[in-house]
Undergrad: 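Sharing a structure with you now.
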Amino acid sequence: QAGGYTPLRFPDVKRSSWYYDYVESAASMGLFAGDDKGFFQPGASITRAEFVQVLYNTVKPDYTLTKSQFSDVAQSSWYATAVNWAAELGVVSGKGNGIFAPNALITREEMCVILNNYTTNVLKVVPEYDGYLFDDDASISDWAKEGVYHAYSFGLVSGKGENSFDPQGKTLRSEAAAVYVKFAQLLLG
């Protein structure tokens, strides 16, 4: 406690970072953990499997895996329970041809679609949408527009500055931590 400060939970998440409180909250809630060396890696991209695992950690469902829905999700994989739970609920549908692509990096629009599928399909909650459009709205895939704008309306996401959303951009771990802390607050009402 040199200088009166509690040591950092993650050495690579500085108190001055915009995401510090989100990462700390997400870790305290058991949503995220660091890597095997204790680093959070806030600037690293998050995979589809990791993102769905954090959703599972947030919701904490009572679920038992019976069989895998996807040919590329082995029942023995660390994410199999989370991915199959989400698939059974209609929260994720995979990438076609019976695959989920668990190690692919999740895009910002895919992230929004997953969260939207959970809020609309499972919680049966649809936000009020005020008609706001990002300047790069034309870059948002048609299948993702509802998800992006619902996530925006719920206050889960904002743009990347300059009033753009960057829909095909990769979701960073720091961004996912912020989104999931806000999502957990939304679930608590």
Undergrad: Under a 4.5 Å cut-off applied to non-hydrogen side-chain atoms, are Thr107 and Pro167 in contact?
TA: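 No, every pair of side-chain atoms sits at 4.5 Å or beyond.
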Undergrad: How long is the span from the NZ atom in Lys60 to the CE atom in Met29, to the nearest 0.5 Å?
TA: 7.5 Å
Undergrad: How close do Ser28 and Arg9 get, counting heavy atoms only, and between which atoms?
TA: OG-NH2, 2.8 Å
Undergrad: Tell me, please, which residues at least two apart from Tyr22 pass side-chain contact (heavy atoms from CB on, under 4.5 Å).
TA: Trp18, Ala178, Val181, Lys182
Undergrad: Please report the interatomic distance OG1(Thr47) to CG(Asn103), rounded to the nearest 0.5 Å.
TA: 6.0 Å
Undergrad: Would you please name every residue forming a ring pair (Phe, Tyr, Trp, His ring centres under 6.0 Å) with Phe51, sequence neighbours left out?
TA: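 With neighbours one apart ignored, the set is Tyr180.
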Undergrad: Pairs of donor and acceptor atoms involving the side chains of residues 124-131, under 3.5 Å and at least two apart or interchain, shall be tabulated with distances.
TA:
| unit_1 | atom_1 | unit_2 | atom_2 | d |
| --- | --- | --- | --- | --- |
| Lys124 | NZ | Asn121 | O | 2.9 |
| Tyr129 | OH | Tyr132 | O | 2.5 |
| Asp130 | OD1 | Tyr132 | N | 2.9 |

Undergrad: Run the ring pair (Phe, Tyr, Trp, His ring centres under 6.0 Å) test against Phe154 and tell me which residues pass, sequence neighbours left out.
TA: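 Checked Phe154 against ring pair (Phe, Tyr, Trp, His ring centres under 6.0 Å); zero matches.
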Undergrad: Check side chain to side chain donor-acceptor pair (under 3.5 Å) between Asn116 and all other residues, then give those that pass, not counting sequence neighbours.
TA: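 Partners of Asn116 under the side chain to side chain donor-acceptor pair (under 3.5 Å) test: Glu146, His150.
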Undergrad: Sequence neighbours left out, what passes salt bridge (charged side-chain N to carboxylate O under 4.0 Å, His left out) with Glu109? Give chain and number order.
TA: none
Undergrad: If you define the side chain from C-beta out and look only at heavy atoms, does anything of Leu8 sit under 4.5 Å from Phe40?
TA: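 A side-chain contact under 4.5 Å is absent here.
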Undergrad: Starting at CH2 of Trp85, measure out to CG of Leu89 and round the result to the nearest 0.5 Å.
TA: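 Between atom CH2 of Trp85 and atom CG of Leu89 there are 5.5 Å.
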Undergrad: Applying side-chain contact (heavy atoms from CB on, under 4.5 Å), name anything that partners Ser71, two or more places apart in sequence or on another chain.
TA: Ile99
Undergrad: Might you point out which heavy atoms bring Val23 and Ala177 nearest each other, and give the distance in Å?
TA: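 It is CG2-CB, 4.0 Å.
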Undergrad: Under 6.0 Å from the NZ atom of Lys37, do we count more than 12 heavy atoms belonging to anything else shown?
TA: no
Undergrad: Please find the pair of heavy atoms, one from Ser68 and one from Val73, that lie closest to each other, and give the distance.
TA: OG-O, 2.6 Å
Undergrad: Can you name the nearest heavy-atom pair linking Gln69 to Ala87, along with the distance?
TA: CG-CB, 3.8 Å
Undergrad: If you take the centroid of each ring, where Trp contributes its six-membered ring, are Tyr152 and Phe134 closer together than 6.0 Å?
TA: yes
Undergrad: Are Val157 and Met111 side-chain neighbours, meaning at least one heavy-atom pair lies under 4.5 Å?
TA: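 The answer is yes; the side chains approach within 4.5 Å.
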Undergrad: Is there a path from Phe32 to Leu105 through hydrophobic residues (I, L, V, M, F, W, Y) whose side chains come within less than 4.5 Å of each other?
TA: no
Undergrad: Sequence neighbours excluded, which residues qualify as side chain to side chain donor-acceptor pair (under 3.5 Å) partners of Asp12?
TA: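 Side chain to side chain donor-acceptor pair (under 3.5 Å) check on Asp12 returns nothing, list empty.
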Undergrad: When rounded to the nearest 0.5 angstrom, what is the spacing between CG in Leu156 and OG1 in Thr119?
TA: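 Leu156 atom CG to Thr119 atom OG1 measures 7.5 Å (nearest 0.5 Å).
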Undergrad: Would you check if the side chain of Gln168 reaches a backbone N or O of Ser139 as a donor-acceptor pair within less than 3.5 Å?
TA: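 Answer holds: yes.
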Undergrad: Is there side-chain contact between Ile106 and Ile114, with at least one heavy-atom pair below 4.5 Å?
TA: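 They are in side-chain contact.
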Undergrad: Starting at OG1 of Thr81, measure out to CG of Leu65 and round the result to the nearest 0.5 Å.
TA: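 Nearest 0.5 Å value for the OG1-CG distance: 4.5 Å.
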Undergrad: Just so I know, are the side chains of Thr58 and Tyr118 near enough to count as touching, which here means a heavy-atom distance under 4.5 Å?
TA: no
Undergrad: What are the two closest heavy atoms between Thr66 and Glu88, and how far apart are they?
TA: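 Minimum heavy-atom contact is OG1-OE2, 4.3 Å.
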Undergrad: Just jot down the side chain to side chain donor-acceptor pair (under 3.5 Å) partners of Ser25, sequence neighbours excluded, or say none.
TA: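 Partners of Ser25 by the side chain to side chain donor-acceptor pair (under 3.5 Å) criterion come out as none, since no residue qualifies.
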Undergrad: For Ala82, what residues pass the side-chain contact (heavy atoms from CB on, under 4.5 Å) criterion, not counting sequence neighbours?
TA: Val52, Gln53, Tyr56
Undergrad: May I ask you to test the Ser45-Leu172 pair for a side-chain heavy-atom distance under 4.5 Å?
TA: yes
Undergrad: Heavy-atom distance under 4.5 Å between the side chains of Pro42 and Phe10, does that happen here?
TA: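 Answer no - side chains too far apart.
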Undergrad: So which atom in Asn84 and which in Lys67 form the shortest heavy-atom distance, rounded to 0.1 Å?
TA: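 So the two residues come closest at OD1-O, 3.7 Å.
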Undergrad: Only counting residues at least two apart or in another chain, list the ones meeting side chain to side chain donor-acceptor pair (under 3.5 Å) with Asp137.
TA: Lys145, Tyr149
Undergrad: Hey, any chance Leu187 and Val91 share a hydrophobic cluster, counting ILVMFWY side chains that come within less than 4.5 Å of each other, even indirectly?
TA: yes
Undergrad: Not counting sequence neighbours, which residues clear side-chain contact (heavy atoms from CB on, under 4.5 Å) with Val113? List them please.
TA: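 Val113 satisfies side-chain contact (heavy atoms from CB on, under 4.5 Å) with Asn117, Trp143, Ala144 once adjacent residues are dropped.
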Undergrad: Please round to the nearest 0.5 Å and tell me the distance separating atom CG of Asp135 and atom CD of Glu162.
TA: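 Asp135 atom CG to Glu162 atom CD measures 9.0 Å (nearest 0.5 Å).
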